[in-house]
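Note sheet for the following structure.
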Amino acid sequence: MEKQKEKFYITTAIAYTSRTPHIGNTYEIILTDAIARFNRFIGKDVFFLTGTDEHGIKIQEIAEAAGITPKEHVDKIAGEIRDIADMLNISYDKFIRTTDDYHVKAVQKIFKRLYDQGDIYKGEYEGLYCTPCESFWTETQLVDGKCPDCGREVKPMKEEAYFFKMSKYQDRLMKYIEEHPEFIQPESRKKEMVNNFLKPGLQDLCVSRTSFTWGVPVDFDPGHVVYVWIDALSNYITALGYTPDEKGELYKKYWPADVHIIGKDILRFHTIYWPIMLMALGEPLPKQVFGHPWMLVGEEKMSKSRGNVIYAQDLVKHFGVDAVRYYSLHEMPFAQDGTITYDVFMSRYNSDLANTLGNLVNRTVAMINKYFGGVIPEGDTAGEFDDDLKAVAAGAVEKVSEKMKQLRVADSLDEIWKVVDRANKYIDETAPWVLAKDEARRARLGTVLYNLAETIRIIAALLSSFMPETAGKIAAQINTDALSYESIKSFGALESGVKVGEAVPIFARIDIAKKTEELEAEAEAAAAPEVETAPYKDVIDFEDFEKLDIRVGKVLECEKVPKSSKLLRFVLEVGSEKRQILSGIAKYHKPEELTGKNVLFVANLKPRKIMGLESQGMILSAEYKDGLTVLTTLNDIQSGAEIV
C-alpha cells in the first residue's frame, strides 16, 4: 500500500485589484511558488492558493472616476494579475476572486454565524478614515496627522456599522502565540505584533460599512456591506469549500494552512484579526504566518507617484522569466528589505547567471561533444578533487532542504551556487583540455566530464523549484529526466552512454551600456503624455465663424459656487463693463490661480441661468492631460479686445 503523502497548504495574500501590480507586489507570489514547488519536489501533497481581493470603497471610487462599473474594473485587473502569475510560471492550484459567487455566499454565512453567537454587534463608528488602506484610526494613532500605515491624508467619517468583539479573544490569542513560538515569523515581526497591538489592548473591529455599496451585502441588514477584513481574510477557507454549515473535502484535507505568505505591512490583519475570527468560528489556526520584507527601488518603496515603479512584465520582456525569478528570490533577505534597480539586476544576470551557471553548463556540454562525440562517458577512474566535488554536491541537497524548511529561500539559492562555484573550480583544477592531449589519461578525462555532468544534474534538480524553465533547459542539454528528489540523494545516478544536446548558452551576456540605452528610451517613451486628439467637428462656412464674438476678459473675481462641486463664478472686466460667467472647471483650477488673469470667452452667447445665477457667456478651455485648462493670453492685452 502506497504511503499517504504529507499535506502542505500554502497561500499568498490575495492581490488588491486597485491597479496593475509592480514587481514589489509580484515578489510575493514568486516566493510562494518556490516554496510550493520545493515541497512538491520533496514529496508532499501541496495545495497552493492565490487570487484577488476585489471589494471596497477605493475600487468603487476608481471605477466611478473611469466611468465604468466596479465589476468591469476588477474583471480587468484580476485578469492582468492572473496573466502575470501565468507569465511568471506560477504553479498555483486555485485562483480565488472575492467576487466569486461561492465566496460571497460563504462570507455572508460567516458574518451571520458570528452575529448570531454575539461576537458581532451593531453600533456607530466615528473616526478618521484612510481610503487607500481602508482603515479607521484614532487621533493618537496618526503620524504627523496622517495614516500611520501609508502616510496619506485621512478624513473624518461617521456611519452606522457592525463591530467584532476582538477584546473577547485577546487573552486566548496571547496564550496561543506564547505556546506556538513558530506561529509568527520572522521573530522580529512577532515582537512587533505582541508589543504594539496585543499588550496595549485590542479595540473592537469595524466589520461593516454603509458609506459605499461595492462589497458583500449583509443579507440580513440591507445597506450594510461586509468590510474588507472578514471578506478578504475568509478566502483562505472559502477557497477550500468551507462554510459554517458545511466543510468541503478540500477543507477537511488541507486546513489548517501550513503557512500564509504575506507582506509585512498586513501582518496585523493576519496574526490578530484572522486568528480571532477562526477562534470565534471554532476552527484551527494556521500553523504559521510569514511576513516577508519589501522589495525597494534603491532606498524607496515603489510608488507610481514617485515614478520609480518597475513591472515584472517589462523585466521578463528584457531578461526572461527565470532571470526575474532568480533576482526576486536571491536578492531578498529573510527579514530585511531588498532592493532592485536595473543596474544591479543586469550585474547579477551577467555574474551569476551568464558567467557562473551558464558558463559551467556550456563548457561541460561543449567538452563532452568535443572529446567524446557528445556521449556521456563512464565515470570510473577516480582522482584528486573528485571527493570534494561530490561532497559539496551531495551536501547541498540536505542544506537546501533545511533552509527551505525555515523559508530561507535566498540562503537556499546560495547553497546551490556553492555547488556551481565548486564545479567551475573543479574544471580549473582538473584542466580537461590538458587531459585531452594525453590518450593515456582518456579514462580520467571521461571521469572528470562525467562528474561535471552529474553535478550539473543535481544543480538542475535543486533549481527546479526556483527556476523551472532553466532546470528543464539544463536537463535537456545533458539529456536526462532524472531530476527527482530521491535521485539526487546520492552522487552517480546520471546514466552514461547517453548522447548530450548542443552546447547552447542558457543565459547570454548582456551588453549593459546598450541595454541601459534601450531601457532609458523605453522609459522616456512611456513618460511622454499620450494625447488623444478629439475628432474634428463638421466643416463650417467662414460666415458661421464670423458670428462668434470671442473677447478677452480680465478676471476680477473668481470663487466656487456654493453647493456645487463643479462650478466657478467669474466676474470679468470687459472694457468698461463687467460680466458674470459660470464655468464647470472647479475640478481643474483653484479660484486664486485665475484671479487677475486674462481669459478668452464667447461674448455673444444667449445668457442662461445655472444654479440660480445668470451666466453671460462661456469661458474657453482646452483639454489638457486628464482635465481642462483655461485659455489665457500671452501678453497683458486690454480687456474687451476682440479675437479675430
Practice task
Evaluate the ring planes of Tyr326 and His330, with Trp represented by its six-membered ring, and classify them as parallel (under 30°), tilted (30 to 60°) or perpendicular (over 60°).
Solution key: parallel

Completion exercise
Nearest heavy-atom approach of Val226 to Asp231 is CG1-N, 4.0 Å

Problem - Arg579 side chain vs Ala603 backbone, donor-acceptor pair below 3.5 Å - result: yes

Handout entry: Sole residue of Ile84, Ile77, Asp83 in side chain to side chain contact (heavy atoms under 4.5 Å, CB included) with Ile81
Key = Ile77

Practice task
Would you check if the distance from the ring center of His318 to the ring center of Phe345 is below 6.0 Å?
Solution key: no

Exercise for the section: Quick one: sort the His292 and Tyr27 rings into parallel, tilted or perpendicular, breaks at 30° and 60°. Expected result: perpendicular

Practice task
Check whether any side-chain heavy atom of Phe95 lies under 4.5 Å from a side-chain heavy atom of Asp100, and answer yes or no.
Solution key: no

Problem - Neighbour count >12 (heavy atoms, 6.0 Å) for atom NZ, Lys58 - result: yes

Handout entry: His589 (side chain) donor-acceptor with Val630 (main chain) under 3.5 angstrom
Key = yes

Practice task
Sort out for me which residue in Asp314, Thr516, Ile512 forms a side chain to side chain contact (heavy atoms under 4.5 Å, CB included) with Tyr342.
Solution key: Asp314

Problem - pair Asp352-Tyr327: side-chain heavy atoms closer than 4.5 Å - result: no

Practice task
Verify the distance criterion only: is there a donor paired with an acceptor across the side chains of Glu159 and Thr210 at less than 3.5 Å?
Solution key: yes

Practice task
Would you confirm whether Arg189, through its side chain, and Gly291, through its main-chain N or O, come within 3.5 Å as a donor-acceptor pair?
Solution key: yes

Exercise for the section: Taking Asn350 for its side chain and Arg509 for its backbone only, find out whether a donor-acceptor pair lies under 3.5 Å. Expected result: no

Handout entry: Glu518/Lys515 salt bridge by N-O under 4.0 Å criterion
Key = yes

Completion exercise
For Tyr162, the ring pair (Phe, Tyr, Trp, His ring centres under 6.0 Å) test, sequence neighbours excluded, returns Phe111, Tyr115, Phe220, His224

Handout entry: Full working for side chain to side chain contact (heavy atoms under 4.5 Å, CB included) between Phe164 and Trp229
Key = CA-CA 11 Å; Phe164 189 103; Trp229 309 125; over 6 Å; no

Practice task
For Thr99 and Trp214, run side chain to side chain contact (heavy atoms under 4.5 Å, CB included): C-alpha distance rounded to whole Å, both residues' side-chain angles, the deciding distance at 0.1 Å, then the answer.
Solution key: CA-CA 10 Å; Thr99 52; Trp214 181 241; 4.0 Å; yes

Handout entry: Side-chain touch Leu600/Val552, heavy atoms, less than 4.5 angstrom
Key = yes

Handout entry: Ser615 side-chain N/O to Leu582 backbone N/O, donor-acceptor pair under 3.5 Å
Key = yes

Problem - Close side-chain approach of His55 to Val225, heavy-atom, < 4.5 Å - result: no

Exercise for the section: Can you measure from CG (Leu233) to CD1 (Ile266) and round to the nearest 0.5 angstrom? Expected result: 8.0 Å

Handout entry: Side-chain H-bond candidate by donor/acceptor type, Asn25 with Tyr311, under 3.5 Å
Key = no

Problem - Heavy-atom side-chain contact between Leu594 and Phe570 under 4.5 Å - result: yes

Completion exercise
Note: Ala232 and Ile14 closest approach over all heavy atoms is O-CD1, 3.7 Å

Exercise for the section: To the nearest 0.5 Å, tell me how far Lys122 NZ sits from Phe163 CZ. Expected result: 11.5 Å

Handout entry: Check: Lys158 main-chain N/O paired with Glu124 side-chain donor or acceptor under 3.5 Å
Key = no

Problem - Check: Gly575 main-chain N/O paired with Ser639 side-chain donor or acceptor under 3.5 Å - result: yes

Exercise for the section: Quick one: closest heavy-atom pair of Thr17 and Ala78, and the distance? Expected result: CG2-N, 4.1 Å

Exercise for the section: Measure the acute angle between the ring planes of Tyr349 and Phe319, then classify it against the limits of 30° and 60° as parallel, tilted or perpendicular. Expected result: tilted

Handout entry: Expected output: side-chain His260 to main-chain Ala13 donor-acceptor under 3.5 Å
Key = no

Problem - Side-chain ion pair, Asp75 and Arg97, N-O less than 4.0 Å - result: yes

Problem - For Tyr227 against Cys206, the heavy-atom pair lying closest together - result: CD2-O, 3.0 Å

Completion exercise
CZ (Phe290) and CG (Leu267) are apart, to the nearest 0.5 Å, by 10.5 Å

Exercise for the section: Working to the nearest 0.5 Å, report the span between CD1 of Ile96 and CG of Asp53. Expected result: 10.5 Å

Practice task
Taking the side chain as every heavy atom from C-beta outward, state whether Thr11 and Thr50 have any atom pair closer than 4.5 Å.
Solution key: no

Handout entry: Step-by-step side chain to side chain contact (heavy atoms under 4.5 Å, CB included) determination, Arg569 to Glu557
Key = CA-CA 8 Å; Arg569 186 184 76 88; Glu557 300 176 27; 3.2 Å; yes

Handout entry: Sidechain N-carboxylate O distance under 4.0 Å for Lys146, Glu153
Key = yes

Problem - Donor-acceptor contact present, side-chain Gln616 to main-chain Pro607, <3.5 Å - result: no

Exercise for the section: Return the minimal non-hydrogen interatomic distance between Phe545 and Ile540, and the atom names on each side. Expected result: N-CD1, 3.9 Å

Practice task
Taking the side chain as every heavy atom from C-beta outward, state whether Met295 and Thr26 have any pair of such atoms under 4.5 Å apart.
Solution key: no

Completion exercise
CD1 of Ile29 to CZ of Arg325, rounded to nearest 0.5 Å, is 10.0 Å

Handout entry: Within-4.5 Å side-chain heavy-atom neighbours: Lys76 and Ile68
Key = no

Handout entry: Residue Gln203 excluded, over 12 heavy atoms near CD under 6.0 Å
Key = no

Practice task
To the nearest 0.5 Å, tell me how far Asp33 CG sits from Asn89 CG.
Solution key: 7.0 Å

Handout entry: salt_bridge(Lys71, Glu54) N-O dist < 4.0 Å
Key = no

Practice task
Using the side chain to side chain contact (heavy atoms under 4.5 Å, CB included) rule, take Met157 and Leu128 through it: C-alpha gap first, then chi angles, then the decisive distance, then the call.
Solution key: CA-CA 6 Å; Met157 194 170 285; Leu128 298 161; over 6 Å; no

Exercise for the section: Would you confirm whether His270, through its side chain, and Ile261, through its main-chain N or O, come within 3.5 Å as a donor-acceptor pair? Expected result: no

Practice task
Kindly give the heavy-atom pair with the smallest separation between Glu642 and Asp549, and that separation in Å.
Solution key: CG-OD1, 4.0 Å

